[in-house]
Amino acid sequence: MKRPTAKKATKRAVARPRGHFAEPAVDAIFSAYPNPVKSKLLALRRLIFDTADTTEGVGALEETLKWGQPSYLTTESRAAARSGSTR
């Protein structure tokens with residue numbers, strides 16, 4: 001009897017940093033937090049990028065600082081998605 005094979009999920013390509021930060025200033029902010037807080041914030045960061053990867057209509061994300069804190073913006077706007085802004 002043949003065993004069913006698992007189908008691999010296809011992922012959209014989303015521009016995002018993997019294992020490093022796009023901006024040194026963002027890296028410096030994360031590095032300044034104590035380890036217990038930093039690990040939770042990095043998990044939240046990973047959730048933000050993973051959610052963007054799997055959500056239809058969300059374009060590539062840009063990680064930057066706004067008001068001295070990490071901010072995540074879509075760099076490409078899709079008409080139906082109506083991406084927001086931090087302004």
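Only this structure's heavy atoms are used, side chains among them; waters, hydrogens and symmetry mates stay out.
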For this session: Can you sort out the partners of L41 under side chain to side chain contact (heavy atoms under 4.5 Å, CB included), two or more places apart, ordered by chain and number?
Result: F30, Y33, V37

Exercise. Side-chain contact, heavy-atom cut-off 4.5 Å: K66 with L73?
Worked result: yes

Exercise. Who pairs with T64 by side chain to side chain donor-acceptor pair (under 3.5 Å), at least two apart in sequence or on another chain?
Worked result: E23

Exercise. So which heavy atom on T51 is nearest to which on T55, and how close?
Worked result: O-OG1, 2.6 Å

Problem set entry | K38, NZ atom: more than 12 neighbouring heavy atoms under 6.0 Å | yes

For this session: Specify the closest pair of heavy atoms between A25 and L65, including all atoms of both residues, with the distance to one decimal.
Result: CB-CD1, 3.6 Å

Problem set entry | Gap separating the CG atom of L47 from the CG atom of L42, nearest 0.5 angstrom | 12.5 Å

Problem set entry | Contacts of type side chain to side chain contact (heavy atoms under 4.5 Å, CB included), residue I48, not counting sequence neighbours | L44, L61, Y72

